[in-house]
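Here the structure is laid out as structure tokens; the discussion comes afterwards.
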There are 2 protein chains.
Amino acid sequence: MRSYNQYCSVAKALDVVGDRWTLLIVRELLARGPSRYTDLRSGLPGIATNLLADRLREMEAAGLVEREDAPPPVATALFRLTERGAGLGSVISELGRWGVPLMSDYRPQDAFRGQWLRLPVRMFLADHEPGQPPVSIEVRAEDQTAVIDVADGRVSLRLGAAPDADATITGPPPRILTLFSGNLPLAEAEDHGIRITGSREAVRRILPRDSGQAISKLP
Amino acid sequence: MRSYNQYCSVAKALDVVGDRWTLLIVRELLARGPSRYTDLRSGLPGIATNLLADRLREMEAAGLVEREDAPPPVATALFRLTERGAGLGSVISELGRWGVPLMSDYRPQDAFRGQWLRLPVRMFLADHEPGQPPVSIEVRAEDQTAVIDVADGRVSLRLGAAPDADATITGPPPRILTLFSGNLPLAEAEDHGIRITGSREAVRRILPRDSGQAISKLP
DNA sequence: CCGGATCCGGGTTGATACTG
DNA sequence: CAGTATCAACCCGGATCCGG
């Protein structure tokens with residue numbers, strides 16, 4: 001990217017991360033952890049393969065990303081954030097928070113990935129009964145499956161299935177987001193395309209208690 | 001900007017503010033308040049005039065900016081942030097904080113504007129003696145002049161001169177930044193191109209007490 | 001299948017000139 | 001002062017190809 005040539009820390013930061021796709025690559029590495037090239041590509045639907053390669057090189061040169069050659073047997077490289085790169089987490093968080101109201105428009109061409117739930121989970125959900133034993137909740141949105149683990153008073157999300165989950169939540173991504181943000185009472189969820197099986201108590205345990213104003217009301 | 005077409009609030013946010021120059025226009029409106037077109041242009045050195053006009057139109061359409069026609073006497077239009085646009089303040093702050101270490105490279109072609117000190121002032125300076133009477137400190141960096149007002153335990157910056165200031169700080173922008181960030185002890189400042197006149201007590205009152213690790217050490 | 005490199009068309013940006 | 005017009009240069013997106 002061309003430099004803005006301004007002696008201002010915001011401009012200097014944008015000189016480094018202002019290129020198209022750069023911050024989304026950081027988002028992906030934050031959400032997935034160290035990733036292979038191909039996994040990054042699938043987590044960044046729409047990116048041209050040459051652009052991903054270009055950006056990763058630039059980000060490596062800028063000290064945001066490290067390329068780690070895996071040991072001989074696998075022979076596949078991993079990309080991971082450096083500490084400096086991970087320092088962009090707060091920027092991503094604030095951008096994501098600001099963008100929440102925009103989630104009310106879900107267009108057919110919008111892609112969705114399970115790991116993109118990690119930020120909303122951290123932002124909206126909490127364990128309201130930390131004393132209780134751990135539970136796990138499977139989330140199925142579109143064709144993506146992820147698992148919310150609740151333990152030690154903390155809520156976290158991982159990719160993959162959990163056949164023995166205490167509950168499952170199934171529905172289109174925007175409905176699930178609305179549910180998580182506190183704008184869709186659990187009681188009304190089933191009327192809006194959400195299906196819940198198993199322990200509703202487990203779900204109630206982590207949903208926001210007060211309705212957030214985050215996402216616009218349902219139509 | 002082309003949409004990323006991803007159902008993720010970070011991607012949606014970047015769909016709106018990810019274009020080149022857009023966040024810097026927000027920075028400028030945050031730092032200066034409602035501004036005329038020409039003032040924006042001078043606060044965004046390097047921007048092409050057609051791009052500024054384009055961006056302002058897009059930002060108006062996106063609800064970030066309002067165009068206010070001033071009352072008859074002046075007959076000049078002002079651009080101001082909407083509440084939604086001002087909500088980007090935390091994004092700008094985090095970007096600016098992340099960019100602080102990059103301020104160690106000051107290149108000859110880097111432009112500088114007095115209002116760009118507003119973020120560093122808010123980030124680094126504080127009134128350590130809130131009980132004392134108000135003071136004002138004039139800052140001269142490059143050809144820019146600004147005034148730091150200290151009153152009611154708060155520190156703020158405004159553009160313009162203060163002939164009756166209690167103290168003045170003069171020096172190149174990077175040295176002043178280093179001083180503000182706590183990485184240049186006041187005692188050594190004069191050896192590094194900083195000139196201070198008037199009450200050093202007034203200056204000491206607002207400088208950080210502990211040396212921050214923000215900006216890299218001096219060469 | 002993984003991890004890119006190369007090529008090309010089109011859209012965006014940048015610089016400058018010009019205008020009400 | 002507040003933009004519009006024009007055009008060249010650059011960047012991005014999409015497709016294709018290539019070596020392990």
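Letters A, B, ... mirror the listed sequences (proteins, then strands); counts begin at 1.
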Would you check, one step at a time, whether the test side chain to side chain donor-acceptor pair (under 3.5 Å) holds for B/T82 with B/E66? CA-CA 6 Å; B/T82 62; B/E66 282 169 354; 5.9 Å; no
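- Applying the 6.0 Å contact sphere to CZ of B/R32 captures more than 12 heavy atoms from other residues, nucleotides or ligands.
- Between the two ends of the helix from C/dC1-D/dG20 to C/dG20-D/dC1, each summarised by a five-pair axis, the helix axis turns through 30° (rounded to 10 degrees).
- Within residues 59-67 of chain A, the residues that place at least one heavy atom under 4.0 Å from DNA chain C are, in residue-number order, A/R67.
- Side-chain N/O atoms of B/R57 include one lying less than 4.0 angstrom from OP1 or OP2 on D/dT4.
- For A/R20, there are no salt bridge (Lys or Arg N to Asp or Glu O under 4.0 Å) partners two or more places apart in sequence or in a different chain.
- B/D166 contributes a side-chain N or O that, together with a main-chain N or O of B/S136, makes up a donor-acceptor pair within less than 3.5 Å.
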For a side chain to side chain donor-acceptor pair (under 3.5 Å) check, start with the C-alpha distance between A/R107 and B/S3, then their side-chain angles and the critical distance, and finish with the verdict. CA-CA 11 Å; A/R107 291 163 305 161; B/S3 170; 3.0 Å; yes
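- Regarding B/Q6, its CD atom lies at a distance of 11 Å from the P atom of D/dG13, rounded to whole Å.
- For A/D54, the salt bridge (Lys or Arg N to Asp or Glu O under 4.0 Å) partners at least two apart in sequence or on another chain are A/R57.
- Side-chain proximity of A/Y37 to the nucleotides C/dC2, C/dG4, D/dC1 is greatest for C/dG4.
- Listed for the A/E138 side chain is no donor-acceptor partner under 3.5 Å among the backbone atoms of A/T145.
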Protein within reach of the bases, or only the backbone? For nucleotides 6-20 of chain C, mark each nucleotide 5' to 3' as B, S or -, using heavy atoms under 4.0 Å. BB-----SBBBB---
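- Atom pair B/L14:CG and D/dC12:P shows a separation of 14 Å (rounding to whole Å applied).
- Relative ring orientation between A/Y4 and B/W21 is described as perpendicular, the plane-to-plane angle rising above 60° on a 0-90° scale split at 30° and 60°.
- A pairwise comparison of heavy atoms in A/I176 and A/G171 identifies CD1-O, 3.5 Å as the closest pair.
- B/S181 places no side-chain N or O within 3.5 Å of a backbone atom of B/L179 that could act as its donor or acceptor partner.
- Partners of B/Y7 under the ring pair (Phe, Tyr, Trp, His ring centres under 6.0 Å) rule, at least two apart in sequence or in another chain, are A/Y106.
- Between A/R41 atom CZ and D/dA15 atom C1' the separation is 11 Å, expressed in whole Å.
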